2 protein chains.
Amino acid sequence: MTLSSATDQIGEAFAGLGPSCVVLRLAPGEEIFGEGEPADYVYQVESGTACTYRILSDGRRQVCEFHLPGEFIGLEAGVEHRASAEGLTSVTVVAVRRSALASLAATDLALSRRLWELAIKGMQQSQNHASMLGRLGALERVAAFLVDFAERVGARDAMDLPMTRQDIADYLGLTMHTVSRTLSQLQSEGFIDARSSRHVELRRQAALADLCA
Amino acid sequence: MTLSSATDQIGEAFAGLGPSCVVLRLAPGEEIFGEGEPADYVYQVESGTACTYRILSDGRRQVCEFHLPGEFIGLEAGVEHRASAEGLTSVTVVAVRRSALASLAATDLALSRRLWELAIKGMQQSQNHASMLGRLGALERVAAFLVDFAERVGARDAMDLPMTRQDIADYLGLTMHTVSRTLSQLQSEGFIDARSSRHVELRRQAALADLCA
DNA sequence: CGTGTGGTTGAAGTGCGTCAAACTGGGTGG
DNA sequence: CCACCCAGTTTGACGCACTTCAACCACACG
């Protein structure tokens, strides 16, 4: 992971934090931080896609969230990270010392408010995720994932998926097999057109959204 | 739902908000707010237990969280509530105008920081919930629920459950039948002793925690 | 070419849901 | 005081959606 000073690439949220910011460039699959490590930094994705996940004692994995450019990773209430984070693609992230962020937030009201909104949005995203995992079937979960992800990347009707089938499965609480089968089913029923395994075109996007119940 | 001025019963978080606070007393099952309603108030549970939930178009229900005394309900990023809330038992809650809270937070640094921590904790709770729903089996979910709830109510080894089997099922993403069967199984294997359907004693609490994987 | 990683697909197994019936305890009215 | 009721709960039998196990496929890279 290469480091470089980057006071000229800082997002607006971090204005005034120049000296405390560091840009990290990571290769695909490289870890940003690990579960249990001290949460001294907060990260904002600049380019690429990252994901956060937790591993159970017997190896089962739950992907908490995929993180697109502009989004934040690593905000914690306690002193250590409760999830691991890694890049799915090549990723660049801006790292900010948590202590610097906290002391700036103490005087900058707009920043403090924005941090609060970020936390609330994160909570609501997790609640959506939980509803999906608790009550939707496989078809509904995959459809919901496609619709949600397309919206987040701002895709009109076609998009590239930066993650593997296994990543999607671990996000949706399914197996890679079920995800693959379900995508095939959506394809055969004309909801999507998967040119390659990483590229999806959404046909009948409204109908797809209706599948999410 | 009866209202009364209650400047003398306000939690420490709301010091200085006296005039903007109202105490609501609700009968069991009574709604505190509904999904889609404007989120003008934030609520703190004073006594009893409440729960937040969302209903899908076809009637499936997902309980987002159970809320014990001291906990907050109704914090939202947008202008409307994204879940409904109701009391499981008789409940008293303190309602605070969101606008009053926001303007106080603008000057009170400690309050602003506490609100941020609340949001982060809520996010982590939801993430735990999602992990559970995504990757744990029925036995693990029920065991995790018992251990977690016992800890939250501060129960050493025995507790009363304020919610029905259906509520537990909707929280755990199971059916009431599976919850009931699983509790029976835990009982027959000596992990718990359910004197009545609403009272549980945890035997071998450590072993129970191990079941959660 | 061979090899390896990610993906697809089939067949068989299983854990939880569904359907159905019986039970329990608290409340009400005769 | 007892008969009845009713919501909540328990339990059984059965079915199905998803997992598991096992091949096979496709593309990238040496």
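The structure presented is a predicted model; accordingly, all values stated were derived computationally and were not measured.
Residue L183(B) is out of contact with every strand shown, counting any heavy-atom pair closer than 4.0 Å.
The shortest heavy-atom contact between R54(B) and E35(B) is CA-OE1, 3.7 Å. The two residues A39(B) and E76(B) make their nearest non-hydrogen contact at CB-CG, 3.8 Å.
Distance CD (Q166(A)) to P (dG6(C)): 10 Å, rounded to an integer number of Å. Rounded to a whole Å, the CZ atom of R195(B) is 18 Å from the P atom of dT24(C). What separates CD of Q185(A) from C1' of dT9(C) is a distance of 14 Å, to the nearest Å. Taking atom CG of D167(B) as the reference point, atom P of dG8(D) lies 9 Å away to the nearest angstrom. Per the geometry, CD belonging to Q187(B) stands 14 Å off C1' belonging to dT11(D), to the nearest Å. The distance from atom NE2 of H199(A) to atom C1' of dC27(D) is 17 Å, rounded to the nearest whole Å. L174(B) places its CG atom 16 Å from the C1' atom of dT9(D), with the value rounded to the nearest Å. For the pair L186(A) CG and dG7(C) P, the computed distance is 17 Å after rounding to whole Å.
Below the 3.5 angstrom threshold, one finds a donor paired with an acceptor across the side chain of H177(A) and the base of dT9(C). A donor-acceptor contact under 3.5 angstrom links the side-chain atoms of R181(B) to the base of dT18(C).
Each of L136(A) and M176(B) was assigned the nucleotide of DNA chain D with the nearest heavy atom; the assignment lying further toward the 5' end belongs to M176(B). Residue-to-nucleotide proximity on DNA chain C shows that, of R135(A) and S196(A), the 5′-proximal contact is made by S196(A).
At dT11(D), one or more side-chain N or O atoms of S184(B) fall inside 4.0 Å of OP1 or OP2 (strictly under the cut-off). Neither OP1 nor OP2 of dA7(D) sits under 4.0 Å from any side-chain N or O of R165(B). At least one side-chain nitrogen or oxygen of R198(B) sits closer than 4.0 Å to the OP1 or OP2 atom of dT9(D). Within the structure, a side-chain polar atom (N or O) of T178(B) is placed less than 4.0 Å from OP1 or OP2 of dG17(C). Between T175(B) and dG17(C) there is a side-chain N or O to OP1 or OP2 distance below 4.0 Å.
Between E140(B) and R135(B) there is no salt bridge, since no side-chain nitrogen of the basic residue lies less than 4.0 Å from a carboxylate oxygen of the acidic one.
Separation of atoms CZ (R61(B)) and CD (Q166(B)) is listed at 6.5 Å; rounding is to 0.5 Å.
With hydrogens and angles ignored, the 3.5 Å screen pairs no side-chain donor or acceptor of E189(B) with any backbone N or O of L186(B).
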